Amino acid sequence: MPKMTLKQMRIKAGESAENARPEDVDYVLAERLGLTPSEFELKQEMDLTADQIKQANKDIEKLAKGISPQYILGYAWFLGYKIMVQRGVLIPRFETEELVEWALQTLKSGDQVLDLGTGSGCITVALAKEAQKKDITDLTLYASDVTDTALRTSEENFLTYDLDVTTRKANVLLGLEEFDKIISNPPYIKTSEKNVMDENVLQNEPKEALFAGKDGLDFYKKFAKQVREHLNSHGEFFLEFGFSEEEQLKELFAKELPDFEIEFRKDMAGKPRMVHGRWQK
C-alpha cells in the first residue's frame, strides 16, 4: 500500500466524501488516531500505517453515504464520558450537558432519580459519575425509554461505568415509580421543521426521539398531566426543550402545574433551552 500522510488522507476524504461536513471528516480521523483537535492540526505530516489507511478508507466510505460520525465510531463524548451509541439511539448533544450540570446543583445523597427517555444512557452516566466526585451517595437510579434498542444500549453503558440502574420500558411516566428528581431530554421538534433539518440527522437518528407533534409539545402535555403521580414531596424535574417553545411551555405549566415553582434557563448560546420545576407540596 502506498505511503500516505494525514494531510493527504484529509484531502482524499474531502474529495471522496464531498457531501460530508469537513469537521465531521476531521473528527473521525482524529478520533481513530487518538489525537486532540490541536494535535490533529499539528501532525498533518505524520505518516499513516497501512492499518490506519485501511480504516480511514472504510470510514470515508461511510461518511460519503451520510452516516453520522458517532455511529461510524460507535461512540460519542458527553460531559467527558465516552458513551456507546448505535443507530436507533439519539446521539448525545452538548446542550444536554448543561441540563445535567443544573440537576447536579440540587442532587442530594439518597435521592431517587429517573432519566426519562434515556436513549444512550448518557444523562444517567454523567449524573451518577459526577455525583460520585461530589460525594453524593446512595442514589437510586432509574432509566426509561420506549424502545428496546435504547434500553439495551443504555444498559451496556451502565455496565461499562459500573452503575446499578433499573431500566424500564415506558411511554412518558406511565407505570413508573415515584422519584425525587426526574431529568429528561425528550423529543421536542415540530413535524413542520423536518424540511429545515440537517439531512444527516433525519437519515440516521430515531424519529421517536426527535419529533413531538405539530407544535413539538406532545411529550410536555403528557408529562404535565402525569408528573404529580410520579414525584415525591418537593420533588423536582429538569427538562430540555426547543428554543422557540418557552412561551407555550410557560402557559402549559401555569395551567397544569400551578403548585410547582417553575424556572426557565438559557443555554450557553443564549437560547431558552431548559426548565426546572419543583413541587411545592
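Each residue takes its place number in the sequence, starting with 1. Predicted, not measured: the structure shown is a model, and the values here were computed from it. The analysis underlying the following values was restricted to heavy atoms, covering all of them including side chains, and did not include hydrogens, waters or symmetry mates.
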At their closest point, which heavy atom of [X] faces which heavy atom of [Y], and how far apart are they?
X	Y	result
A56	L29	CB-CD2, 3.9 Å
L6	L35	CD2-CD1, 4.1 Å
V227	L257	CG1-CD2, 3.7 Å
A64	S16	CB-O, 3.8 Å
L163	A128	CD2-CB, 3.8 Å
H230	I182	O-CD1, 3.9 Å

For K58 and Q55, test the side chains for any donor-to-acceptor distance below 3.5 angstrom and give the result as yes or no.
no

Regarding E31 and Y75, is there a side-chain donor-to-acceptor distance under 3.5 Å anywhere?
yes

Single-linkage hydrophobic cluster, 4.5 Å side-chain cutoff, L107 and I183 together:
yes

Tell me whether V85 is reachable from L151 by hopping between hydrophobic residues (I, L, V, M, F, W, Y) whose side-chain heavy atoms are closer than 4.5 Å.
no

Does anything in residues 96-106 form a side chain to side chain donor-acceptor pair (under 3.5 Å)? List the pairs, not counting sequence neighbours.
T96-N185, T96-E240

Are [X] and [Y] ion-paired here, with the side-chain N under 4.0 Å from a carboxylate O?
X	Y	result
K43	E45	no
K133	E130	yes
E246	K250	yes
E261	R278	no

How long is the gap from [atom1] on [X] to [atom2] on [Y], to the nearest 0.5 Å?
X	Y	atom1	atom2	result
M46	T5	CE	OG1	10.0 Å
T124	Y161	OG1	OH	13.0 Å
S184	L173	OG	CG	8.5 Å
K221	L249	NZ	CG	10.0 Å

Applied to residues 166-176, the salt bridge (charged side-chain N to carboxylate O under 4.0 Å, His left out) test, sequence neighbours excluded, yields D148-K169, R168-E177

Quick one: side chain to side chain contact (heavy atoms under 4.5 Å, CB included) partners of [X], sequence neighbours excluded?
X	value
D135	none
E256	A224, K225, L252
N19	none

Could you note down all residue pairs passing ring-ring contact (aromatic ring centres under 6.0 Å, His included) where residues 126-155 supplies at least one of them, sequence neighbours left out?
Y142-F179

Could you name each residue pair satisfying ring-ring contact (aromatic ring centres under 6.0 Å, His included) that touches residues 36-65, not counting sequence neighbours?
none

Where do V113 and T140 land on the side-chain contact (heavy atoms from CB on, under 4.5 Å) test, with the steps shown first?
CA-CA 6 Å; V113 184; T140 303; over 6 Å; no

Under the ring-ring contact (aromatic ring centres under 6.0 Å, His included) test, residues paired with [X] that sit two or more places apart:
X	value
F78	none
F158	none
F94	none

For Q226, enumerate each residue passing the side-chain hydrogen bond (donor to acceptor under 3.5 Å, both in side chains) test, keeping only those at least two apart in sequence or located in another chain.
none

The side-chain hydrogen bond (donor to acceptor under 3.5 Å, both in side chains) partners of S38 (sequence neighbours excluded) come to T36

Show your reasoning for whether side-chain contact (heavy atoms from CB on, under 4.5 Å) applies to Q52 and T49.
CA-CA 5 Å; Q52 288 169 340; T49 66; 3.2 Å; yes

Hey, what's the ring geometry for F253 with F237, parallel, tilted or perpendicular (30° and 60° as the breaks)?
tilted

K129 atom NZ, over 12 foreign heavy atoms within 6.0 Å
yes

Should we say atom CG of D164 is surrounded by more than 12 heavy atoms from elsewhere, each under 6.0 Å from it?
no

The test is side-chain contact (heavy atoms from CB on, under 4.5 Å); show your working for V275 and R265 and say whether it passes.
CA-CA 6 Å; V275 59; R265 276 194 187 178; over 6 Å; no

Run the numbers on T153 and M84 for side-chain contact (heavy atoms from CB on, under 4.5 Å), then give the verdict.
CA-CA 7 Å; T153 304; M84 190 193 88; 3.7 Å; yes

